[in-house]
Each structure stands twice: as structure tokens, then as C-alpha cells.
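In what follows, chains are A, B, ... by sequence order, proteins preceding strands, each numbered from 1.
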Amino acid sequence: MSGATVIRTEGLTKRYGGLTAVDGVDLEVAEGDLFGFLGPNGSGKTTTVRMLLGLVFASSGRVEVLGREMPARSAEVLPRVGALVEGPGFYPDRSGRRNLALIDAAGPGGPRHDRRSRVEEVLERVGLAAVGRRPVKAYSTGMRQRLGLAAALLRQPRLLVLDEPTNGLDPQGIREVRTLLMELAEKGTTVFLSSHLLAEVEAFCQRAAIVHRGRLVAQDRVDTLLAPTGMVWVETPDVDQAEAVVWGLAGPSVVEEDRRDGLRVRLDGMAPEDLNARLVGSGVRVSELVRERLNLEEVFLRLTGDTTHVDR
Amino acid sequence: MLTVELSKLVTRTRTWVTISVLAALPSVVAVFLKVTGVGPRPGEGPAFLAEVLHNGTLYPAAALALILPVFLPVAVAVVAGDAVAGEAAAGTLRYLIIRPVARSRLLVAKLVTVTVFVLLAVVVVALTGFMVGAALFGVHPVASVSGTSLGAQDVTFRLFVTVAYVAVSMLGVASIALFASVLTDSPLAAALGALAALVASQVLDLVDAAASVRPYLPTHYWLAFVDLFRTPVLWRNVDRGFGVQALYIAAFLGGAWAHFSTKDINS
């Protein structure tokens with residue numbers, strides 16, 4: 001994590017006729033990051049990813065990947081980038097091995113002499129080593145997804161751009177992909193993971209940007225985005241007594257009191273351990289005291305007022 | 001990229017099925033001619049068919065004349081229409097572009113591959129035509145369409161020019177289909193679009209009121225290679241045919257390149 005910037009966009013904008021799909025997005029992704037790019041379907045994620053890779057041309061703004069201007073220098077940038085964009089794409093009548101060999105042979109930076117061993121290695125990494133010779137059209141969705149990941153890994157990229165990488169995978173497959181990405185990130189590969197799945201970003205990423213209707217609404221460390229909210233939940237059989245204690249304190253206040261098993265308290269500067277000491281000191285039996293954290297869904301709701309298109 | 005494209009072409013079943021079917025039709029016609037002995041009267045029906053009944057030497061030209069109006073252009077339009085749109089439909093186009101394969105390079109590789117297919121198809125049909133003709137009707141000295149007799153060397157040269165002429169005519173078709181192929185993500189739409197252009201051209205060719213545009217229609221000079229078998233060779237229409245095709249190839253390939261190099265790949 002040398003801190004070099006791997007992806008930088010400035011005012012990135014894409015208009016299709018009167019529709020602005022991506023609107024002034026400024027991204028900054030540092031080397032070694034596991035970066036989540038989160039937003040509902042149709043929020044401009046994929047268009048942004050396509051602009052990063054030179055598939056779609058920006059209407060205005062700048063894109064820099066691995067320190068070089070895109071799409072002007074894509075010939076230098078893209079050989080060191082692996083990507084999975086909107087699902088894998090393969091020739092359905094050919095085997096997975098043949099597909100990987102074909103895509104490897106199609107461009108620069110994939111020497112022929114070790115092609116076979118590189119193909120076997122990535123198949124092994126994604127758990128497809130025993131797949132045999134059947135054509136890709138006979139693969140399950142999860143297998144295709146794995147093969148797409150294998151293709152992205154084929155030339156040991158410095159940057160991986162993955163769009164919904166766990167799509168179609170079972171829980172076991174998701175865990176495997178997660179382990180794989182963690183390993184890669186540890187070795188210094190930067191991972192840019194675009195997803196509409198909050199759980200995916202929450203589980204995989206250290207940093208995240210949240211995009212909504214083409215605009216960036218937040219960009220920060222995931223644990224900052226999910227920081228404690230300044231509230232605690234106090235579970236106690238002595239609700240009335242606890243309430244009286246809290247009202248007697250300078251600062252904290254009871255936010256929610258209509259439940260019989262506990263209270264929600266806004267701390268307002270008081271440390272949770274101090275609150276606990278005061279409660280217990282006053283004879284309140286505390287069975288549980290928890291600092292409240294938002295999950296990404298709530299962050300998303302707070303930032304955009306809209307969770308209708310996001311799935312947990 | 002080019003090696004990959006060529007290997008995809010030759011390892012694809014469709015390529016060989018198409019070429020076999022193209023070669024089979026003239027062979028079937030030859031068998032019917034041999035068995036029934038009923039040929040069109042001289043000057044009527046498909047070119048050369050009347051002549052080949054007694055002499056198989058010109059059967060390659062007859063075979064090409066049989067598949068030229070419909071069969072061959074359909075095959076070429078399907079292959080060229082599939083070139084880019086097929087990749088888009090399979091979802092492989094975006095992975096080729098980010099591999100990265102430069103867009104102009106991808107287009108050139110596709111064009112060369114389609115050209116190889118056209119040459120392969122025309123040459124296979126001509127060779128099959130020669131073999132079938134020789135086997136069924138025998139090889140005899142050829143009298144030209146004009147009535148004088150032609151030497152073996154002379155006939156071979158004229159057949160070579162015929163093959164080249166038909167191939168260039170089909171490259172015109174391929175250019176139109178390739179242009180359609182970068183416009184759409186549907187290989188079917190691209191192939192049918194190119195065929196629609198050819199049908200339109202053939203319809204206009206028949207309308208006397210449209211006589212002024214006739215010499216510029218892509219299909220107008222297709223069968224002009226018949227003139228290669230006159231003595232002396234009547235080059236005028238053949239030359240014009242080459243010229244018109246060159247114009248179409250330049251215009252549509254230029255258009256395909258201009259569009260593809262600035263196109264947003266959303267497939």
C-alpha cells in the first residue's frame with residue numbers, strides 16, 4: 001500500500017442525449033485498496049466502469065488509470081488491468097480452456113510459451129481446474145462467473161475491475177471469491193469492485209464510494225461510513241428506573257422508550273462505559289449495552305433517501 | 001489478433017458447412033444436366049449452362065454464375081454481418097477491446113478474415129466446379145462465347161480473372177455487411193441489412209426509370225465476368241465492375257472504421 005493513486009477521475013460525466021448517466025464523478029482509488037463502488041442498478045456504475053476501461057467515451061471530465069490518461073493511453077494501461085464487466089463473455093461452443101487461450105492470444109502481454117501453464121493456474125485459482133473439455137454453453141452461471149474471473153486474472157493484473165463478481169455464485173463460491181480477492185489485495189493488487197449488493201461491499205471492501213443517480217454521494221473508508229452513530233441500546237429489565245437515571249444525567253437523553261426490554265440512548269459526548277457505570281451504580285440491572293452502528297443500507301438511506309433499488 | 005480470428009474461422013463448423021453447401025449446389029445442377037441432357041437453349045438461362053453440356057472446361061464459371069445472384073451473397077453477408085455484431089451479442093467484444101485490441105486492428109483482423117472466407121468459398125466452388133465438370137462432361141478445347149476457339153492457357157487465365165472478379169464483387173457485399181455489423185449488436189440484423197441493400201440494388205437494376213443510377217448499383221456488374229469469355233475479352237464492363245466495387249469497399253469500410261473507432265461499446 002504505497003499510496004500511489006491507481007484510479008483517479010475528475011468531473012467524469014457521460015450524457016446520452018438528454019440523459020446524464022454519470023454526473024461529475026471524482027474518484028480516487030489508492031494502490032492496494034479493496035475499493036467498493038456501490039449504487040443501485042441504473043445509478044451509472046457500469047457506465048463509469050466502462051469509461052475507466054475505455055469502452056465508453058466520456059462526455060467531459062478526465063480519467064487516469066495506473067497514472068496514465070484514459071482512453072488515450074489504453075494500449076499501455078489495459079495490459080495491466082483485468083476486468084469483469086457486466087458478466088463474463090465467452091464463445092459458447094468452445095471450452096473454457098480454449099476461450100482463455102483465445103482471449104490471451106488476441107492481445108499483447110500474453111506470451112505463447114507459458115500460455116498453457118498460465119491458463120491452468122488461473123483455472124486452479126478459481127476452482128475450475130477439473131472442468132474438462134465441455135463447452136462454455138454447458139456451464140452453470142456460477143461456473144461462467146468463475147471463468148470470467150479466471151480471464152481477468154490471466155496476466156497477473158495490477159488492477160482488477162470487477163462488476164458484480166459474485167453474481168450467480170453460491171455462498172461457498174462467494175467465500176472463495178472473497179478469500180481470493182483478499183489474497184490478491186495482500187500482494188498489492190488493487191481491486192475496484194462495483195456492486196449493487198451492500199453486503200458484498202461491506203464484506204469485501206476497505207474503502208467505498210456510493211453513487212446515486214450518476215452522482216457520487218460519499219467516498220470514504222467503509223468503517224468510517226459505518227461509524228458508531230452516537231447511540232447505544234441498553235437492554236434491561238428495569239426500564240423505568242434506567243430511564244430515570246438517564247434523565248438525571250447531563251448530556252445523554254432517551255430517544256426511544258416505548259419498549260419494555262430496554263432504551264435507546266443518545267450519548268451526546270458521554271462514553272458508553274461511563275453510562276454503564278452510572279446505570280449499574282444506581283442499581284439498574286443491565287443485561288446488554290451495545291453501541292449502534294449503521295449498516296450500509298442505512299448509510300445509503302441517509303445519504304440518498306432511497307433504498308428501493310438496493311438489495312441486502 | 002489476426003491469428004486468433006483466422007483460427008476461429010477455420011475451426012468453426014459453420015465455415016465448412018457453408019462452403020460445402022455452396023459447392024454442392026452447382027454439383028447437383030451438373031448431375032441433373034448430365035442425367036437429363038436438358039440444358040437451357042444457348043443464350044437463355046444461367047450463363048454458360050448451355051455450353052457446358054458438351055464440355056466441362058467452363059463449368060467453374062457456370063458454377064460461380066449459379067451461386068452468384070443469391071447463394072454466395074447470402075453466405076458472405078451472414079459471415080461479415082456476424083464479424084463484429086456476433087462478438088457484441090456473445091459479450092466478447094468488450095473483452096477484446098479491454099484485452100486490449102485496438103479498435104482499428106480488430107476491424108482489420110475481421111476484414112482480412114472475411115476476405116479469406118470469400119476467397120476460400122470462391123476457390124472451392126471453382127475447383128469443385130472444374131472437377132465435377134471434367135468428370136461429367138469431359139475437358140475439350142473451348143469455343144468462346146463469340147465462337148472462336150481458346151487455348152488451354154487462355155482459358156485458365158480467364159478463369160483466374162473470373163475467380164478474382166467474383167471475389168472482389170463479394171468483398172463489396174462484405175464491406176456493406178461489415179458496416180452494418182458495427183452499427184448494430186445483432187448479427188442477424190447486420191446480415192439482413194446488407195441483404196436488404198443488395199435486394200434494393202437488384203430491384204432498382206430492373207426498373208427502367210432508375211436507369212440513371214444503374215451503373216452505380218453494387219449488383220449491376222456482378223455477371224459481367226461472362227464478357228471475359230468473349231474474343232477479344234470485352235473488358236469495359238469488367239473494369240467498371242472492379243471500379244464500382246472498389247468505391248463501395250472504400251466507402252463502407254471507411255464508414256465502418258469511422259463509426260467503430262468512436263463508438264461507445266455498451267454491449
Answer yes or no: are there more than 12 heavy-atom neighbours, outside [X] itself, under 6.0 Å from its atom [atom1]?
| X | atom1 | value |
| --- | --- | --- |
| R118(A) | CZ | yes |
| E69(A) | CD | yes |
| F57(A) | CZ | yes |
| R62(A) | CZ | yes |

Quick one: does [X]'s side chain have a donor or acceptor within less than 3.5 Å of a partner on [Y]'s backbone?
| X | Y | result |
| --- | --- | --- |
| S74(A) | P71(A) | yes |
| S261(B) | W257(B) | yes |
| T184(B) | A180(B) | no |
| S267(B) | G91(B) | no |
| Y248(B) | L171(B) | no |

Legend entry - Proximal component of R105(B), with respect to chain A [non-hydrogen, under 4.5 Å]: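 The answer is neither part of R105(B).
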Could you tell me which residues in [range] have at least one non-hydrogen atom under 4.5 Å from a non-hydrogen atom of chain B, sorted by residue number?
| range | result |
| --- | --- |
| residues 11-24 of chain A | K14(A), Y16(A) |
| residues 83-104 of chain A | A83(A), L84(A), V85(A), E86(A), G87(A), P88(A), G89(A), F90(A), Y91(A), R94(A), R98(A), L102(A), I103(A), D104(A) |
| residues 138-155 of chain A | R155(A) |

Inset, instruction - Look at the aromatic rings of Y165(B) and F242(B) and report parallel, tilted or perpendicular, splitting at 30° and 60°. - result: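 Y165(B) vs F242(B) ring planes: perpendicular.
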Legend entry - Partner chain A: residue of L2(B), N266(B), T3(B), V101(B) with the largest heavy-atom pair count (under 4.5 Å):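 Of the options given, most contacts go to N266(B).
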Inset, instruction - Apply the side-chain contact (heavy atoms from CB on, under 4.5 Å) test between P40(A) and each candidate in H212(A), H196(A), K45(A); give the one that qualifies. - result: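 Passing option: H212(A).
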Inset, instruction - Can you run down the salt bridge (Lys or Arg N to Asp or Glu O under 4.0 Å) pairs that involve residues 63-91 of chain B, sequence neighbours left out, and say none if there aren't any? - result: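 Checked against salt bridge (Lys or Arg N to Asp or Glu O under 4.0 Å) - neighbours excluded - the pairs reaching residues 63-91 of chain B are K8(B)-E87(B), R12(B)-D82(B), R14(B)-D82(B), E87(B)-K110(B).
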